[in-house]
Protein chains: 2
Amino acid sequence: MTDDGTNSGELLWDLDEGPARKARPTLTVDRIAKAATTIADADGLTAVSMQNVATKLDVTKMALYRHVASKAELVAVMTETAVGTPPNLKEIRGGWRPKLELWAQEMRRTWQRHPWIPAATAGSRVTGPREIGWTEVAVGALEGTGLDGAERMDAVFLLSGHIRNTQSPTTAGTQPWSLDRTLNPMISARPERFPSLVAAAASVGNAPKDNGWEFGLIRILDGIAKLIATRRRTKA
Amino acid sequence: MTDDGTNSGELLWDLDEGPARKARPTLTVDRIAKAATTIADADGLTAVSMQNVATKLDVTKMALYRHVASKAELVAVMTETAVGTPPNLKEIRGGWRPKLELWAQEMRRTWQRHPWIPAATAGSRVTGPREIGWTEVAVGALEGTGLDGAERMDAVFLLSGHIRNTQSPTTAGTQPWSLDRTLNPMISARPERFPSLVAAAASVGNAPKDNGWEFGLIRILDGIAKLIATRRRTKA
DNA sequence: GACACATCGTGTACGGTAGACACATGCCGG
DNA sequence: CCGGCATGTGTCTACCGTACACGATGTGTC
């Protein structure tokens with residue numbers, strides 16, 4: 001960038017380092033997506049602007065449009081890369097429940113590595129095959145449980161929705177308390193108006209500070225288990 | 001608005017209708033919020049820009065800043081007004097479950113009237129007292145169930161998260177099928193890659209087309225019921 | 001009744017966003 | 001050698017939220 005005299009000196013010395021060293025490697029979709037992902041991981045999806053990505057790659061923002069059609073497409077590519085490949089659940093023994101537990105944990109871990117994924121995968125949009133692959137294996141884990149197709153789909157949607165809700169501060173609803181279980185001061189200052197919330201905050205046990213992740217996971221799986229038990233009974 | 005000759009005629013006639021009829025009613029927070037809500041109800045929260053709201057009220061956008069400090073504050077006012085007052089659950093008989101069922105239904109209905117609420121209530125922000133009131137009554141419905149404070153809060157959060165996930169197309173995760181249960185064509189074209197999804201889509205029963213709302217609600221409540229049953233047993 | 005002042009709406013400006021489009025440059029095949 | 005095509009640049013438009021100076025207007029006080 002800086003075009004001062006020192007640069008020419010560096011250029012001379014760099015001649016020793018080998019031939020054909022490109023000053024600027026050519027732009028590819030991959031490099032663009034990687035740069036955008038770095039930004040998103042660090043500063044969130046809102047920090048991903050064409051300008052920011054372009055600056056990081058030392059090009060103008062319009063250069064990016066030679067490789068991606070729109071920002072939405074860029075985000076789609078980022079997402080499809082970041083979600084990775086779903087876990088292989090076929091080798092997991094013990095039926096549908098351990099499989100879904102592993103699946104949920106893996107998904108949660110992936111989303112923790114890339115906290116912007118929930119925001120990027122909300123709303124209607126084009127979905128990539130790898131992302132769909134996650135749904136595929138989860139629905140597959142529920143085959144043979146007696147649930148019909150719609151139920152298997154709904155169960156997986158319920159589970160992934162829970163991950164979304166507990167994982168991302170940007171897509172989750174606002175909680176009355178903060179992450180460390182400290183009640184909103186506006187509430188604790190008005191115990192007569194919000195008695196149940198104040199009482200609940202006063203009697204918090206040693207629950208894990210995971211934004212309700214573990215709690216919800218067990219409740220959902222228990223609920224699904226109950227339905228499956230009913231189906232097996234009616235079938236027999 | 002139009003400043004043509006017909007207007008003066010109307011003005012003359014209007015003299016009969018009473019004194020002090022203001023051509024433009026003065027701007028108030030209420031009128032601004034109402035206009036913004038109308039826009040959001042019709043075209044979504046993204047259509048709510050200061051410019052659009054101002055145009056609707058026939059003022060410049062900067063005039064709005066005399067009454068609201070920022071757009072975030074405007075959205076907060078809109079939300080607090082739109083959520084309304086929570087239902088009175090104390091009169092509902094039959095224990096926690098019918099109470100929470102009614103609560104969830106009422107919340108869902110409110111959110112259906114204003115589909116932008118999920119998007120407006122996501123992320124960290126200032127929460128209004130009426131909105132917190134909804135959480136208050138739901139947590140209150142779980143008192144006396146044996147759940148500790150954190151569990152009562154987590155249960156309500158789980159439930160409202162489910163409403164959010166099934167209610168708003170903008171905050172929900174993308175489903176492999178559309179609202180009418182038609183599988184994404186990208187999936188149905190590749191049955192060898194997504195066998196479980198194709199199989200599930202083929203065996204959909206007469207499940208309600210409610211985006212998994214009813215399914216998830218029952219599963220979650222069943223899961224909570226199981227936990228409550230455990231607590232009662234250990235207590236006794 | 002005049003005048004100062006507070007309130008409220010206007011107009012202009014700034015930095016940010018996504019993206020359309022014309023132009024330059026450099027590489028590669030004939 | 002040379003023409004064409006791919007790729008990156010520069011400029012422009014239409015938005016977004018919001019800071020700030022200005023003018024009009026209505027109101028309370030002397």
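Numbers restart at 1 for each chain; the letters A, B, ... are given by sequence-line order, proteins then strands.
- The 5' end of DNA chain C is approached more closely, in terms of each residue's nearest nucleotide, by S49(A) than by the other of A69(A) and S49(A).
- Remark: W177(A) CH2 to N211(A) CG distance equals 10.0 Å, nearest 0.5 Å.
- Salt-bridge check for R125(B) with E131(B): passed, with a basic side-chain N closer than 4.0 Å to an acidic carboxylate O.
- In the set dA13(C), dT17(C), dT10(C), dA13(C) carries the atom at the smallest distance from any side-chain atom of K61(B).
- Proximity note for M62(B) (side chain, C-beta onward) versus dA22(C), dG9(C), dT18(D): the nearest is dT18(D).
- Pair check for dC30(D) finds dG1(C); Watson-Crick or G-U wobble, both atom distances under 3.5 Å.
- Under 4.0 Å is where a charged nitrogen must lie from a carboxylate oxygen, and between K56(A) and D43(A) no such pair does.
- When rounded to the nearest whole Å, the span between CG of N52(B) and C1' of dG17(D) equals 13 Å.
- When each of T38(B), V59(B), T37(B), L64(B) is checked for a side chain to side chain contact (heavy atoms under 4.5 Å, CB included) with V53(B), only L64(B) meets the rule.
- One finds the CG atom of N88(A) at 11.5 Å from the CD atom of E106(A) (value rounded to the nearest 0.5 Å).
- The side chain of V59(B) sits closest to dT10(C) out of dC16(D), dT10(C), dT18(D).
- Residue L27(B) has its side chain nearest to dG9(C) when only dG17(D), dT9(D), dG9(C) are considered.
- The CD atom of Q51(A) sits 9 Å away from the P atom of dA18(C) (whole-angstrom rounding).
- In the set dG9(C), dG17(D), dA19(D), the nucleotide with an atom closest to the side chain of M50(B) is dG17(D).
- In terms of phosphate contacts, T60(A) brings no side-chain nitrogen or oxygen within less than 4.0 Å of OP1 or OP2 of dG8(D).
- Nearest-nucleotide mapping onto DNA chain D: of K71(B) and L64(A), the residue sitting toward the 5' end is L64(A).
- Atom OH in Y65(A) sits about 17 Å away from atom P in dA22(C), given to the nearest Å.
- Contact check, H67(A) against dA6(D): no side-chain N or O comes under 4.0 Å of OP1 or OP2.
- Minimum atom distance to the side chain of R66(A) is reached by dC23(C), of the listed dA18(C), dT10(C), dC23(C).
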